[in-house]
Each structure stands twice: as C-alpha cells, then as structure tokens.
Amino acid sequence: MDGPSHANVSVWVARLLEKFNSGRKSPRIFYRLLYRGIFTLQVTAALLAGCFSVSSSALDIPFLASNSLNFYFQFVDGENQQLSSSKLQSLEEKLEAELNRQRESNLTLQQYRDPLKIAQFEARLLSSMLRSLGYLDNQVRADLTQRTKAERNLMSDLMNTVNGSEGQSEEKVITFFVNPGRLYRIALVDISLPPGFEKVKDLSLPLVPGRPLEARQVFAAQDALETYLQENYCLLSPDVSYEVLVTPEEATAEVYFRLDDSREFVFGAVRIEGLESIDPAFFTKHIKIAEGACFKRNLVEGTRLALLRTNLLATAEAKYQVGETSVDITLDLRERHHRTVEAGVGYSTDEGKNVSAGWEHRNIFGSGEKLDVDFRVSEKSGSLAAELTIPSVIRDDIALQIEGELSHVNYEFQANKAEAGAALSHQFNPELTFSVGSDVTYSDAKGSIESYLVSFPVSAVWDTADDLFDPKEGWTLSLEWRPYVDFVNPDTRFFKTTFTASTYYSFDGWLTPTLALRGALGTIRGETLDGVPKTERFYSGGGGSVRGYPFQTLSAFDAEEDEYIGGRSFQELSLELRTRINDDWGIVIFSDAGYAFEEPHLGSDENFLWSVGLGIRYFTLIAPLRVDFAIPLDRRQDDDSFQLYINLGQAF
C-alpha cells in the first residue's frame with residue numbers, strides 16, 4: 001500500500017512541528033500536514049488490526065468495503081431501445097434498491113476488498129436482475145474512477161476556515177454503464193396436464209400475454225398452478241415444471257407449464273400418537289380427515305391447526321405413510337404443561353396498589369376442560385372469580401362456560417356483589433364468536449336496596465387483532481345485549497346494551513408507529529336511574545376508560561350522598577400513537593374522553609371530559625409493562641393534577 005508506514009509517524013510529527021515552529025510556511029500547509037498525519041495514524045491502526053486479526057484471511061480495511069463505495073448509473077441507449085424518462089427513473093430506483101440489498105446480505109460480495117473486483121461482481125448482479133425483469137439482452141459495464149468530494153470532517157472545516165475554500169480529496173466511485181436492451185414480452189402461456197386431468201378453469205395467473213417477462217411472475221404462476229391442482233385434485237405433491245422459449249428477433253417469450261405424471265390418492269387410516277394424559281377421543285372430534293376421501297394437504301393442515309387451537313398441545317406434526325393408492329396419516333402430538341400460575345402487581349393513583357394472582361388448568365378432567373381461578377385485591381376493591389370451560393358440547397364448535405364471582409368495591413360507594421352464570425358460545429370461525437346464557441346476581445350497595453337480578457346476556461365478538469396484549473393490526477368489535485329482571489321485586493325490569501370497537505394500524509418507516517383507536521358506548525332502558533342498582537349502572541373514568549380522572553367519577557355528583565351517581569348511558573373515546581424505540585422500550589402518546597349520562601340517550605360531545613398523557617412501555621416476553629401518566633384537561637375542583645397507572649398489557 002502507498003503512503004507512510006508506521007515507522008514514519010515520528011518523521012511526520014517532527015516535520016509538522018518544524019513547519020509550525022519555523023513559521024516559514026502558511027497555516028494552510030500546517031493543516032494539510034496535520035490531516036496527513038491523522039491519515040497516517042488511521043492507516044497504521046488498520047494495518048495493526050489486520051495483523052492481529054485471526055478470524056479473517058484478508059486485510060479488512062473499512063474504507064475499501066463494498067458498502068463504502070459510492071456508485072452511479074449511466075444509461076446507454078442501445079439499438080431499437082426507446083425508454084421514457086419515467087421508465088428509466090423507475091428502473092434506476094429498482095437497480096439501486098437491489099444493489100443496496102445485495103451489499104447488506106450477499107456474503108460473497110462482502111468478502112471482496114479489491115474495489116475493481118467489487119465493481120465487476122456487482123455488475124454481474126445488476127445484469128442478472130435486469131434479466132429477471134425481462135431485459136434479456138442487457139449489458140452492464142462497471143468503471144472504477146476517481147472523483148473528488150468535499151471533506152466532511154474536522155480537518156476540512158479547519159482548512160475552510162483558513163483559506164475560505166472547500167477541501168477536496170479523492171474517492172473511488174463505481175460508474176455502471178447500463179444498456180437495458182430490449183424488453184421481452186410474453187407471447188403465449190400454455191398449461192399441459194397428463195391424460196385424465198381436465199383443462200384448468202377459473203384460474204387467474206399473473207402471466208398475461210403482452211406483459212413483460214418477469215421471473216417473479218413466472219414463479220408466482222408456478223405456485224398458483226400447484227395450489228390449484230392441490231385444491232382440485234387428490235395429488236400427493238404436484239410437481240409443476242416450466243420452460244421458457246424466447247424469440248430474439250421479436251423480443252417475445254412463450255412460457256410452457258407442465259404437470260409431470262402424477263397419481264391421485266385417498267386418505268387411509270388416521271392415527272394419534274404421543275398423548276400422555278388427554279383422552280384421544282377428545283382430539284378425534286377435531287380431525288377433519290375421513291378415511292377413503294380424496295387426499296388434500298389443506299385438510300391435513302386444517303386438522304393440525306384445529307388441534308393446536310385447543311391450547312392443549314405444544315406441537316402437532318403430521319407424518320405421511322404413502323401406499324399404492326392411499327396415504328395413512330399419523331398425528332404426532334406433544335402435550336404442553338396443563339397448569340399455569342400467574343401473579344402480578346400494579347399501581348394507580350386513584351386505586352392505589354393492587355395485587356393479582358391466577359391459576360389455570362387446561363385439562364382438569366382429561367378432555368380439554370379448562371378451569372381459571374383469579375384473585376385480585378387493591379386498596380379499594382377485591383374479587384375472587386372462577387370460570388370452567390367445557391369444549392365440544394352438543395357440537396365441536398360449541399363450548400359451555402360456567403362462571404362465578406365474589407367482589408367488594410369501595411370507590412364512590414360501598415357494595416358487595418355475588419354473581420353466577422352459564423353460557424353457550426359458538427365459534428363460527430377463528431375471528432367470530434357468538435354466545436347466549438343466563439346469570440344470577442345479588443348486590444347490596446350502601447344507600448340502595450338489595451337486588452336479586454336474573455339476566456339473559458346475548459353477545460357477539462368479531463376479533464381480527466393480531467395480538468392479545470400488544471395488537472398492531474386488525475380490529476375488535478364487541479356487542480352485548482342483556483335484559484334484567486329482579487325475581488324478588490318483579491316490577492324492576494330493564495335491559496342494558498353495550499358496544500365496543502377498537503382498531504389498529506401500523507405504519508412502515510421510522511419507529512414503525514401504531515395508531516390505535518377505541519370507542520365505547522352503552523345505554524340502559526326500562527327503568528329510572530334510581531331503579532337501576534348502583535352495581536349495574538354505567539361509570540367512566542380511570543385506567544380502563546378515561547385516564548387522568550379518578551375511577552368512576554365521570555358522571556353527575558350527588559352532594560347529599562357525597563358520591564358520583566353513574567348513569568344510564570355512556571360514551572368513551574381513546575386515541576393512542578404507539579412507537580417502539582427498540583426491542584425493549586416504547587413510547588405512547590394518548591388522549592381519552594368520556595362521560596356517563598343520567599338519561600338513557602347518549603349525550604353530546606360538550607359533556608365529554610378530555611385528558612392527554614404520555615406512556616412508557618417495557619416489552620416483556622409475555623406482554624408490555626405499561627406506565628401511563630395522564631393529565632385531565634377539564635380538571636374539576638376535586639380532581640388531582642395528574643394520574644399515574646402501572647399495569648401489564650396495552651390500555652386496549
């Protein structure tokens with residue numbers, strides 16, 4: 001390598017001091033010598049790093065790495081090649097993006113250190129990409145040149161200060177001379193199937209005559225054809241090959257797809273292996289394969305996914321035993337741990353500290369029955385709840401849920417409540433669930449008569465969100481209608497309707513922000529406010545609804561009883577912008593609004609109380625740890641200046 005060696009560093013320093021002390025040269029020479037001295041130190045450090053490195057067989061000098069070489073494109077019009085400026089710009093953008101991607105991921109390219117070899121290798125990569133876009137006659141030539149650029153470092157700034165001009169230095173630059181050539185277009189697409197197979201119908205391929213011959217479209221058409229054959233025939237593994245015939249004189253191509261000779265199969269015996277504590281008969285209900293039926297891989301995959309959705313298995317693997325005309329299926333199942341113990345702590349300024357614990361058994365009777373027990377206590381409330389879910393009641397997609405709860409609250413009023421009920425839920429698909437049931441509730445609230453209510457809730461939930469604790473895409477819609485009657489005081493009758501919707505949308509780019517929006521409303525009709533037990537009224541405010549205001553305080557205030565009375569209707573709105581700084585931390589900006597109205601009809605926006613806040617998220621393996629700081633914008637006399645919430649999972 002040219003330039004001063006490590007031994008010459010002292011000489012450079014001596015000359016530098018001599019020039020500086022003698023005063024015979026201008027300050028410009030001083031800065032140039034200082035710059036060259038620093039450059040010498042950089043080279044020496046690189047040489048020493050290369051000498052003592054045992055992991056690389058070549059000298060790794062950072063400024064010769066491929067990703068440090070600037071490049072330019074210069075398009076050359078070939079014969080009969082007429083590309084508009086917009087097409088040239090689009091083509092240049094594609095080539096630039098592909099070259100940057102190759103520099104980041106191509107391990108072979110990253111081994112090169114010689115700029116000339118880098119340029120030649122990248123020229124071949126660009127030529128391959130042009131061919132994949134339909135430019136089969138392209139020519140790409142790389143020229144390694146020296147170009148000057150303004151120095152972007154401290155030395156350049158110092159020199160500019162002295163002489164008022166920009167310092168210039170040499171850099172290696174690759175210029176790619178690109179002649180795309182003619183664009184080949186598709187003239188014919190032909191599909192050939194063996195005897196006995198019907199002609200392909202109702203299949204839209206991405207390959208259309210007249211369009212450019214792009215490799216990705218050929219592969220996409222091949223995949224689409226294989227999927228079509230799997231769905232319409234009993235093929236074990238359709239093998240579709242393709243051939244492309246080009247006509248250079250016309251710049252056209254003919255694409256021929258062919259299905260090799262293939263036999264059709266039927267399903268044979270289906271066996272289950274690997275279970276330890278679960279009755280195999282429970283999983284038999286979820287098997288979508290019938291012996292003697294047409295073999296289809298999507299049915300096997302559907303069965304495997306249905307078994308995993310029971311939440312009882314760690315893995316479910318399908319193994320094939322191929323016979324002359326049938327395929328036996330062995331489902332190798334591995335059970336997951338059926339018991340889970342949970343514990344957590346939280347804090348909010350309106351509720352104080354809270355502690356929660358839970359225990360879950362997902363196979364308590366040996367056939368997938370799940371029992372959940374949850375306990376929660378805070379400075380102002382406490383609850384103990386249990387829920388038993390029995391799957392495959394009446395039908396495979398219908399489950400029976402039996403639940404009970406004891407609770408005590410001491411917020412704006414004191415109340416004890418006991419509730420028990422049962423419901424049948426029908427899961428139409430993984431996203432849509434419908435349920436109907438019956439509940440019996442006893443409540444005793446201070447300042448209100450005891451109530452003995454029986455209700456018949458009907459609900460529907462449509463959930464497409466991609467994650468339970470930290471959704472980034474999709475939406476959730478929930479609707480519940482619940483009529484009540486007091487079986488001790490039959491004159492007390494009312495019905496309660498609640499609707500909740502939330503949606504999530506994530507943006508690409510810097511910090512990949514997620515916009516989350518939630519809205520909720522409800523109404524109670526059939527009784528006056530005094531006729532509705534306090535435990536069944538609507539309340540707003542707090543960490544689960546409108547942050548920034550104390551829990552259950554967004555309603556009219558009764559000065560005589562010194563409590564917020566709740567309402568027969570409510571509205572809530574929440575907006576969050578969630579950003580993730582890195583793998584562990586995130587920031588949320590949010591605004592909430594809401595109110596509970598005395599009348600059953602929904603109020604106007606003028607009644608809303610608004611808040612804004614800032615949140616921090618720490619992402620654990622289970623769910624994000626949430627810390628929210630909220631400020632009430634419509635602060636009332638008794639409201640604090642802020643509220644703090646600490647909990648697990650996103651707010652909604």
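Please read these numbers as outputs of a predicted model, since none were measured by experiment.
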Quick one: are [X] and [Y] in side-chain contact, heavy atoms under 4.5 Å?
X      : Y      : answer
Tyr504 : Asp466 : no
Arg626 : Val588 : no
Phe494 : Arg568 : no
Trp610 : Val546 : no
Phe487 : Val440 : yes

Check: With sequence neighbours left out, what residues match Phe557 under ring pair (Phe, Tyr, Trp, His ring centres under 6.0 Å)?
Finding: Tyr564
Do the side chain of [X] and the main chain of [Y] share a donor and acceptor less than 3.5 angstrom apart?
X      : Y      : answer
Thr303 : Lys288 : yes
Ser506 : Glu473 : no
Ser425 : Ser435 : no

Check: Gln650 and Asp470: side-chain donor and acceptor closer than 3.5 Å?
Finding: yes
Would you compute the distance between atom [atom1] of [X] and atom [atom2] of [Y] and round it to the nearest 0.5 angstrom?
X      : Y      : atom1 : atom2 : answer
Arg635 : Tyr549 : CZ    : OH    : 10.5 Å
Thr553 : Asp639 : OG1   : CG    : 6.0 Å
Leu331 : Ile289 : CG    : CD1   : 6.0 Å
Ile390 : Glu369 : CD1   : CD    : 6.5 Å
Thr498 : Arg482 : OG1   : CZ    : 8.5 Å
Asp397 : His286 : CG    : NE2   : 10.0 Å

Check: So, for Tyr595 and Phe608, is the gap between ring centers shorter than 6.0 Å?
Finding: no
For [Y], is there an ion pair with [X] - N to carboxylate O distance below 4.0 angstrom?
X      : Y      : answer
Lys417 : Glu536 : yes
Glu301 : Arg304 : yes
Arg636 : Asp634 : no

Note to self: Arg518: which residues meet the side chain to side chain contact (heavy atoms under 4.5 Å, CB included) condition with it, sequence neighbours left out?
What the structure shows: Thr500, Ser502, Ala520, Glu572, Ser574, Phe652
